[in-house]
Structure formats: C-alpha cells, structure tokens
K.L.:
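Okay, handing you the structure first.
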Amino acid sequence: MAGTAVAPAKVRVKTSEKRGHRSRIALVNAVPVTVFLLVLFVYPIIGVLSLSLEGDSGGFTLHWYADALSGVNLSVLVSTLRISAETALLSLLVGFVLAHAIARMRPVFAALAMLIVVVPHFISALVRTYGWIIMLGEHGLINSLAASLHAPGAPYSLLYNETGVVIGTTSVMLPYTVLVLQGAMRGVDGRLLAAAAGFGASRLTIFRRVYLPLVAPGIGTAGLLSFILCLGYYITPALMGGDKQTVVAALIDQQVMKQDQWNSAAAFGVILLLLTFAGLGVLGLAKLRRTRAHARRSGS
C-alpha cells in the first residue's frame, strides 16, 4: 500500500521536473528572438520617439507635434488620410469583385487568376508607376481612347493630382486586398448558402445576410491593410502627385533631405505609427464585439 502511494508522487515530481526543464529550454531559445526584436524594432521606435520630443536646446518639447498638427503640415496629414481612405475603399470595391470571381472558379483556373493578380506586384514599383504615368498622360492610352470615342470632357486630367495618386496607390494595394479577400471567401461553407436558398431566400438576401457577414472579417482586414500601407507609401504619390499633391512620406523626405529637420520628421513618423495602432485597435475591438455577439447567440 505504501509503495503504491509513493509511486504517483514520484511520477508527479518527474513530470514537474520535465516541464521545468522544457520551460528553461524554451526561455533560452526565446532570448535570441527577443534580442533581435528589441534591436531591430523596439530600439528604433524609441529612438524616433525621443528625437521627436527633443528641442533645439536638447530639452523636452512638444513643439514638433504642435507644428505637425497645424498649418500646412496638418493639411498634408489630412490629405494623406483622405488618399489612404480612398485607396482602401477603391481597393476593396475592385478587389471584392476580383476575389469573388476567383473564389467561384475551379482550383486550376483560380490559381492561374491569382498568378495574374500577384505577378505584376513582383515588378519594381518604380517601373509600374512610370507605366501608369504613360497610360494616364494627356496623350496616353486612356485619354487617346476617350478622345477617339468623343467622350465629353476628354482629355482628362489624371496626373499630378489626387485622382492620379489614388489610381496609382490602388494598383499597388490591390494584390494585398485580393489575397486577403480570396482567402476569406474560400473559407465560406457553400452549404450555408445552399441552405439559405433552400429556405426560399433570394440571392440578394443570401448575399446581404449570409455571405457578407461571413466575409466581413476579411473585408475589415483587407481595408485596414491597404489603409495602413498607403499611409507611409512614398514612390507612387511622389511621382504621380508631383509638387501639387504632397503626402506625409514626401514631406518627411523633404524635411530630412532638404531642410535637415530630423525632429519634425520623427514627429510625423510617430503620428503615423499612432494612427496605425489606432486602426489595429479599431479592428481588434470589432473582432471582440463579433466574438462576444457570437458567444451570446450560442449561449441563447
């Protein structure tokens, strides 16, 4: 009896020792990754933050943030937010149609279609931007086609303004949007749609009340991804916007390369980072609300 009582205790001790040993090994393995993240991510962010709070005399100041949120700088920030929102919305509209069509294809044709969407993204952004400049110019393909069709108002002003910037940035963000949306649409169980149709629901009702809620997380993720990437994008807005359409990334470049204003550029960088965190927070809250609502429905 005594032997049988001692054996389980020894087993528990050995199990706890093994768990402790595994925990120590996992901790040792995590040290290089932690150091890597601290050096390459955390340290630069702390450096930029400290630089944005440093005055000309070396003391603490919020002058650079006040300057970034006033006057012309504020209008540039608002313009950047507007362009990012327009790009995200247009990417979602075009990407939703493309992703929905690809999701309904057979696997072989879907893979080919995804290849067509993604492969142009492997080409240099600079080359693609110059391609759009050629197409959208006054004598480019689009205006020449519009003129040949006697479209009212042709030729159109599609370059060196907000319209040109949005077209260019949308073409850059579209592959990301299609990838995210296509993955979400592939995960929709077709039996749910068939069941709704079996109960007499129309196609519009099925799309609005069954399909759209199921792909809503993918829509939110794709839209936020396009918005965040567009916030700090530089090449396409700089080339297709010109001097008339300045975004924050181009303004940062001017402040660093021409004006030697590193503190002001750092303040803009921190503001963009905070906007990114705010977008991620909104997406996280939306997911939390959906999870709680699903839990309540399951409990009832």
Side-chain angles (χ1 to χ4, degrees), residues 37 40-42 44-45 48 77-103 110-111 113-126 128-129 132 162-188 211-241 247-250 252 268-291:
L37 293 176
L40 293 184
F41 292 97
V42 178
I45 292 175
V48 171
L77 180 60
V78 172
S79 176
T80 303
L81 292 173
R82 184 177 63 251
I83 290 173
S84 300
E86 291 169 351
T87 299
L89 181 60
L90 189 58
S91 298
L92 282 177
L93 291 176
V94 179
F96 190 94
V97 175
L98 286 175
H100 181 67
I102 293 173
M114 287 301 301
L115 193 64
I116 295 174
V117 172
V118 174
V119 164
H121 195 69
F122 298 154
I123 303 173
S124 171
L126 189 62
R128 284 180 288 145
T129 301
W132 276 111
E162 188 168 321
T163 302
V165 173
V166 172
I167 292 174
T169 51
T170 299
S171 69
V172 175
M173 303 305 162
L174 190 59
Y176 299 108
T177 307
V178 174
L179 283 172
V180 175
L181 289 177
Q182 200 265 347
M185 292 174 180
R186 283 286 184 184
V188 175
Y211 187 75
L212 200 58
L214 291 174
V215 299
I219 294 175
T221 302
L224 183 62
L225 179 63
S226 299
F227 179 82
I228 290 175
L229 291 177
C230 192
L231 275 179
Y233 197 59
Y234 172 73
I235 296 177
T236 300
L239 292 177
M240 299 186 68
V247 293
V248 170
I252 291 175
F268 270 112
V270 173
I271 291 173
L272 292 181
L273 181 63
L274 293 177
L275 290 173
T276 301
F277 285 155
L280 293 174
V282 170
L283 184 61
L285 289 176
K287 288 184 177 179
L288 182 61
R289 290 184 60 182
R290 284 196 299 268
T291 302

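Since we're looking at a predicted model, the values are computed, not measured.
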K.L.:
If you measure from OG1 on Thr80 to CZ on Phe268, what distance do you get to the nearest 0.5 Å?
P.N.:
8.5 Å

K.L.:
Could you pull out the closest heavy-atom pair between Ala249 and Gly232, with the gap in Å?
P.N.:
CB-O, 3.8 Å

K.L.:
If you look at every heavy atom in Met185 and Ala99, which pair is closest and at what distance?
P.N.:
SD-C, 3.5 Å

K.L.:
Atom CG in Leu179, atom CG in Leu174: separation rounded to 0.5 Å?
P.N.:
9.5 Å

K.L.:
Name the residue from Leu231, Val248, Val247 that meets the side chain to side chain contact (heavy atoms under 4.5 Å, CB included) definition with Ile83.
P.N.:
Val247

K.L.:
Could I get the full list of side chain to side chain contact (heavy atoms under 4.5 Å, CB included) partners for Ala88, not counting sequence neighbours?
P.N.:
Ser226, Phe227

K.L.:
Is Leu239 close to Leu126 at the side-chain level, that is, under 4.5 Å between some pair of heavy atoms?
P.N.:
yes

K.L.:
From Leu224 CG over to Leu92 CG, what is the distance, rounded to the nearest 0.5 angstrom?
P.N.:
10.0 Å

K.L.:
To the nearest 0.5 Å, how far apart are CG in Leu81 and CG in Leu275?
P.N.:
5.5 Å

K.L.:
Quick check against the 3.5 Å criterion: does Arg128 have a side-chain atom that pairs as donor or acceptor with the backbone of Val172?
P.N.:
no

K.L.:
Which pair of non-hydrogen atoms, one from Ser171 and one from Gly168, has the smallest distance, and what is that distance?
P.N.:
OG-O, 2.6 Å

K.L.:
Would you please name every residue forming a side chain to side chain contact (heavy atoms under 4.5 Å, CB included) with Val97, sequence neighbours left out?
P.N.:
none

K.L.:
Could you give the distance from CZ (Phe96) to OG1 (Thr177), rounded to the nearest 0.5 Å?
P.N.:
12.5 Å

K.L.:
Sequence neighbours left out, what passes side-chain hydrogen bond (donor to acceptor under 3.5 Å, both in side chains) with Glu162? Give chain and number order.
P.N.:
Arg82

K.L.:
Could you tell me the separation between the CZ atom of Arg186 and the CG atom of Leu181, rounded to the nearest 0.5 Å?
P.N.:
13.5 Å

K.L.:
Per the salt bridge (charged side-chain N to carboxylate O under 4.0 Å, His left out) rule, what does the pair list look like for residues 214-227, sequence neighbours excluded?
P.N.:
none

K.L.:
Looking at every non-hydrogen atom in both residues, tell me the closest pair between Pro175 and Val117 and how far apart they are.
P.N.:
CG-O, 3.9 Å

K.L.:
Can you run down the side chain to side chain donor-acceptor pair (under 3.5 Å) pairs that involve residues 215-225, sequence neighbours left out, and say none if there aren't any?
P.N.:
none

K.L.:
For Val178 and Gly95, work out which heavy atoms get closest and say how close.
P.N.:
CG2-CA, 3.9 Å

K.L.:
For Val188 and Val215, work out which heavy atoms get closest and say how close.
P.N.:
CG2-CG1, 3.6 Å

K.L.:
According to ring-ring contact (aromatic ring centres under 6.0 Å, His included), who are the partners of Tyr176, at least two apart in sequence or on a separate chain?
P.N.:
His121

